[in-house]
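One structure is given here, and the rest of the page talks about it.
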Amino acid sequence: MSNSKQIKHLYARAGFGIRFEDLHDKQNWSIRKSVRKLLKASEKIELLTAVKENIDIRQRPYNALTEDEKRQLNQDRNQQEKALNDAWVKQLSNTDAQLREKMTLFWHNHFACNVGNSYYQQELNNIERTHALGNFKTMLMQVSQTPAMLQFLNNQQNQKNHPNENFSRELMELFTLGRGNYTEQDVKESARSFTGWAYNGKDGTYKFNNYAHDSSTKTFLGQTANFCGEDIISIITANKQTAIFICTKLYKYLVNEVPDDIHIGQMADVFYKENYEITPLLKFVFLSDWFYDEKNIGNLVKSPVEFLVGLNRQFYITYQNPDVLMQFQRTLGQVLFRPPNVAGWPGGKTWIDSSSLMYRMKMPSTILNAGVIDFTGKATPEDEAYLASQRKQQLNVIKRVQATVNWDKFLHDIPAKTTHEEIARFMLEPDLNKTVIDEVNRPGDLKTIVIQIASTPEYQLC
């Protein structure tokens with residue numbers, strides 16, 4: 001495999017793709033240097049600050065509000081949700097810290113959380129961003145103590161004599177050990193250990209309520225003591241199964257949807273030995289020969305957000321109306337900060353069905369030509385209800401995209417005398433088949449050919 005193809009693959013997986021000019025500048029770099037530069041660029045932590053007010057700590061309770069005040073409150077919530085979504089999409093589309101944002105997107109789905117408070121969602125997202133390349137145990141502890149997670153998984157209601165097992169169960173099943181590596185009794189004992197973990201409703205900060213904590217002896221994963229939540233997290237991370245579980249998910253996210261037990265085992269060895277430091281694990285993956293095997297090239301389906309962000313980055317796209325991007329997310333089945341449940345988006349081939357694939361293939365030509373798009377396709381029942389309400393109001397169902405593409409910049413990046421086939425080989429991760437080669441080798445202006453390439457099924461893969 002050529003060096004430039006390896007670098008292109010690295011940026012497709014460790015980021016959201018690479019531009020012509022960037023690949024030209026980096027084509028003689030070694031993989032080791034490329035990985036080092038990616039990590040260096042991601043040392044910067046750009047926190048989201050779109051949501052300034054915590055609506056939940058307004059002075060008057062909801063039941064005491066007038067109908068007009070309730071209506072205004074709901075409008076404020078919707079505006080905050082849009083602002084937060086737009087801010088992250090812009091950051092994903094423009095940041096040089098690609099690896100940090102790519103990993104923040106991974107942790108965003110790993111610690112899936114959907115609450116109606118955008119201030120808490122932003123706080124959780126910034127914790128994931130801060131520790132995205134840092135220490136998993138530190139991130140796990142801080143995530144577990146956020147108002148967003150305490151609220152979403154009901155630990156606010158977890159008190160002695162009335163333990164709530166929701167957080168305890170998901171902590172082990174989805175965040176650390178994986179199903180089958182603990183017992184129902186472990187869930188119960190863990191829940192008792194997390195009693196008293198809560199947040200202050202007046203200022204939104206974490207607090208430990210000693211009066212609500214069960215201080216009696218518990219037995220968890222074969223150990224017995226008067227455990228609290230911190231002890232449970234320590235015991236869980238001391239179990240190597242946690243490293244295996246995280247590395248399996250990361251392998252499917254970065255390498256191949258089909259797990260390779262040998263490679264995952266190697267990753268878990270590094271992760272566990274490094275005390276759950278994430279950066280050494282990523283270095284190991286990106287510097288491994290197997291990461292660049294042909295079977296691992298162009299075999300992953302881009303998530304809707306990866307697809308949109310990749311378009312934005314490659315074509316320098318800006319939107320006059322950012323609401324359109326949120327509507328794209330709804331239609332494609334992935335709205336940031338709104339995962340379908342605590343298990344998150346399943347990803348992989350589930351992103352694609354007959355309707356969503358046709359819609360995805362239509363989107364590049366529509367966006368790049370600032371055309372009109374019909375917002376139908378893959379959507380959850382909740383989103384279908386949303387779209388139905390919009391149809392009723394005759395708003396936002398068919399909307400002009402109003403996208404501005406910097407074609408001058410994009411075309412200027414392409415070296416002179418580059419053939420159509422060479423452009424296709426750059427823009428598409430999988431090897432070209434005869435149909436694609438014949439299509440792109442037809443006569444046509446460069447802009448038309450580029451749009452045709454972006455409209456192929458192969459463009460959906462990374």
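Predicted model only: the values in this text are computed from it and were never measured. Numbers here are sequence positions counted from 1.
Close placement of the Trp88 and His108 rings is indicated, their centers lying within 6.0 Å of each other. Side-chain rings of Trp407 and Tyr316 stay apart, their centers remaining 6.0 Å or farther from each other.
Screening residues 422-451 for ring pair (Phe, Tyr, Trp, His ring centres under 6.0 Å), with sequence neighbours left out, gives Phe20-Phe426. Applying the salt bridge (Lys or Arg N to Asp or Glu O under 4.0 Å) test to residues at least two apart or on different chains, the pairs with a partner in residues 96-109 are Glu101-Arg129, Lys102-Glu306.
Note on ring orientation: taking the six-membered ring where Trp is involved, the planes of Phe271 and Phe136 are tilted (angle from 30° to 60°). Ring planes of His263 and Trp290: parallel class, angle under 30° (limits at 30 and 60°). Between His9 and Phe291, the ring planes lie tilted relative to each other; the angle falls in the 30° to 60° range. Aromatic ring orientation, Phe106 versus His110: parallel (interplanar angle below 30°, classes split at 30° and 60°).
Distance alone, capped at 3.5 Å, is enough to place a donor-acceptor pair between the Asn181 side chain and the Leu177 backbone. Arg13 places a side-chain N or O within donor-acceptor distance of the main-chain N or O of Leu254, the cut-off being under 3.5 Å. In this structure a side-chain-to-backbone donor-acceptor pair under 3.5 Å is missing from Gln145 to Gln142. Side-chain atoms of Thr176 come within 3.5 Å of backbone N or O of Leu171 as a donor-acceptor pair. Checked by atom type and distance alone, the side chain of Lys52 pairs as donor or acceptor with a backbone atom of Thr49 at under 3.5 Å. Distance alone, capped at 3.5 Å, places no donor-acceptor pair between the Thr418 side chain and the Ile414 backbone. In this structure, Asn74 contributes its side chain and Arg71 its backbone to no donor-acceptor pair below 3.5 Å. Glu421 places no side-chain N or O within 3.5 Å of a backbone atom of Ile437 that could act as its donor or acceptor partner. Put simply, the side chain of Arg32 never gets that close to the backbone of Leu287: no donor and acceptor are under 3.5 Å apart. Panel note: side chain Thr242, backbone Ile236; a donor-acceptor pair is recorded below 3.5 Å.
By the neighbour-count criterion of 12 heavy atoms within 6.0 Å, atom NZ of Lys283 is sparsely surrounded, having that number or fewer from other residues, nucleotides or ligands. No more than 12 heavy-atom neighbours from other residues, nucleotides or ligands sit within 6.0 angstrom of NZ on Lys90. The 12-atom threshold is exceeded at CG of Asp203, counting heavy atoms of other residues, nucleotides or ligands nearer than 6.0 Å.
A donor-acceptor contact closer than 3.5 angstrom is absent between the side chains of Asp323 and Gln327. In this model, no donor atom of one side chain and acceptor atom of the other lie less than 3.5 Å apart for Asn299 and Glu429. Asn275 and Lys137 share a side-chain donor-acceptor pair at under 3.5 Å. Using a 3.5 Å distance cut-off with no hydrogens or angles, the side chains of Thr66 and Asp68 do not pair a donor with an acceptor. Using modelled atom types, one finds no donor on one side chain facing an acceptor on the other under 3.5 Å when comparing Tyr251 with Asn256.
To the nearest 0.5 angstrom, Glu123 atom CD is 9.0 Å from Asn117 atom CG. Note that OG1 of Thr130 is 10.0 Å distant from CE of Met139, once rounded to the nearest 0.5 Å. The CG atom of Leu336 sits 10.5 Å away from atom CD of Glu81, with the distance rounded to the nearest 0.5 Å. With values rounded to the nearest 0.5 angstrom, Lys8 atom NZ is found 8.0 Å from Leu23 atom CG. The OG atom of Ser30 lies 10.5 Å from the NZ atom of Lys37; values are rounded to the nearest 0.5 Å. Taking NZ from Lys33 and CZ from Arg36, the interatomic distance works out to 7.0 Å, rounded to the nearest 0.5 Å.
Counting only heavy atoms from C-beta outward, the side chains of Ile55 and Asp76 approach each other to under 4.5 Å. Taking 4.5 Å as the limit, some side-chain heavy atom of Leu92 sits within range of a side-chain heavy atom of Phe16. Looking only at side-chain heavy atoms (C-beta outward), Phe410 and Val450 come within less than 4.5 Å of each other. Proximity of Leu308 to Met363: side-chain heavy atoms (C-beta onward) are separated by under 4.5 Å at one or more points. Residues Met361 and Pro457 form a side-chain contact, since some pair of their non-hydrogen atoms from C-beta on lies under 4.5 Å apart. In this structure, the side chains of Ile317 and Leu368 come closer than 4.5 Å at one or more pairs of heavy atoms.
Judged by the 6.0 Å and 45° rule, Lys409 forms no cation-pi pair with Phe315.
Here Arg77 pairs with Asp56 in a salt bridge; the nearest charged N to carboxylate O distance falls below 4.0 Å. Under a 4.0 Å N-O distance rule, the pair Asp438/Arg442 does not qualify as a salt bridge. Note on Asp431 versus Lys5: salt bridge recorded, some NZ/NE/NH1/NH2 to OD/OE distance being below 4.0 Å. With respect to Glu43 and Lys40, a salt bridge is recorded, a charged nitrogen being found less than 4.0 Å from a carboxylate O. Using a 4.0 Å cut-off between charged nitrogen and carboxylate oxygen, Glu257 and Lys252 do not count as a salt-bridge pair.
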Asp293 vs Asn296, side chain to side chain contact (heavy atoms under 4.5 Å, CB included): CA-CA, chis, key distance, verdict
CA-CA 5 Å; Asp293 285 349; Asn296 296 327; 3.9 Å; yes
Intermediate values then yes/no, side chain to side chain contact (heavy atoms under 4.5 Å, CB included), Tyr206 and Thr146:
CA-CA 7 Å; Tyr206 169 77; Thr146 58; over 6 Å; no
Trp351/Gln460 under side chain to side chain donor-acceptor pair (under 3.5 Å): CA gap, chis, key distance, verdict:
CA-CA 10 Å; Trp351 290 127; Gln460 305 300 323; over 6 Å; no
Take Thr279 and Met103 through the side chain to side chain contact (heavy atoms under 4.5 Å, CB included) test and state the conclusion after the steps.
CA-CA 11 Å; Thr279 292; Met103 288 302 297; over 6 Å; no
Determine, stepwise, if the pair Val89 / Gln329 fulfils side chain to side chain contact (heavy atoms under 4.5 Å, CB included).
CA-CA 11 Å; Val89 171; Gln329 293 169 53; 3.6 Å; yes
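The two residues Ala87 and Ala50 come nearest to each other via the heavy atoms CB-CB, 3.7 Å. Nearest heavy-atom pair across Ile31 and Phe286 is CG2-O, 3.7 Å. What you find for Leu432 and Ala424 is that their closest heavy atoms are CD1-CB, 3.8 Å.
Scored by the salt bridge (Lys or Arg N to Asp or Glu O under 4.0 Å) test, Lys70 finds Glu67 as partners (sequence neighbours excluded). Partners of Tyr199 according to the side-chain hydrogen bond (donor to acceptor under 3.5 Å, both in side chains) rule, which considers only residues two or more places apart in sequence or in another chain, are Gln151. Glu46 pairs by the side-chain hydrogen bond (donor to acceptor under 3.5 Å, both in side chains) definition with Thr95, not counting sequence neighbours. By the side-chain hydrogen bond (donor to acceptor under 3.5 Å, both in side chains) test, Ser93 is found to be paired with Asn312, residues two or more places apart in sequence or in another chain being considered.
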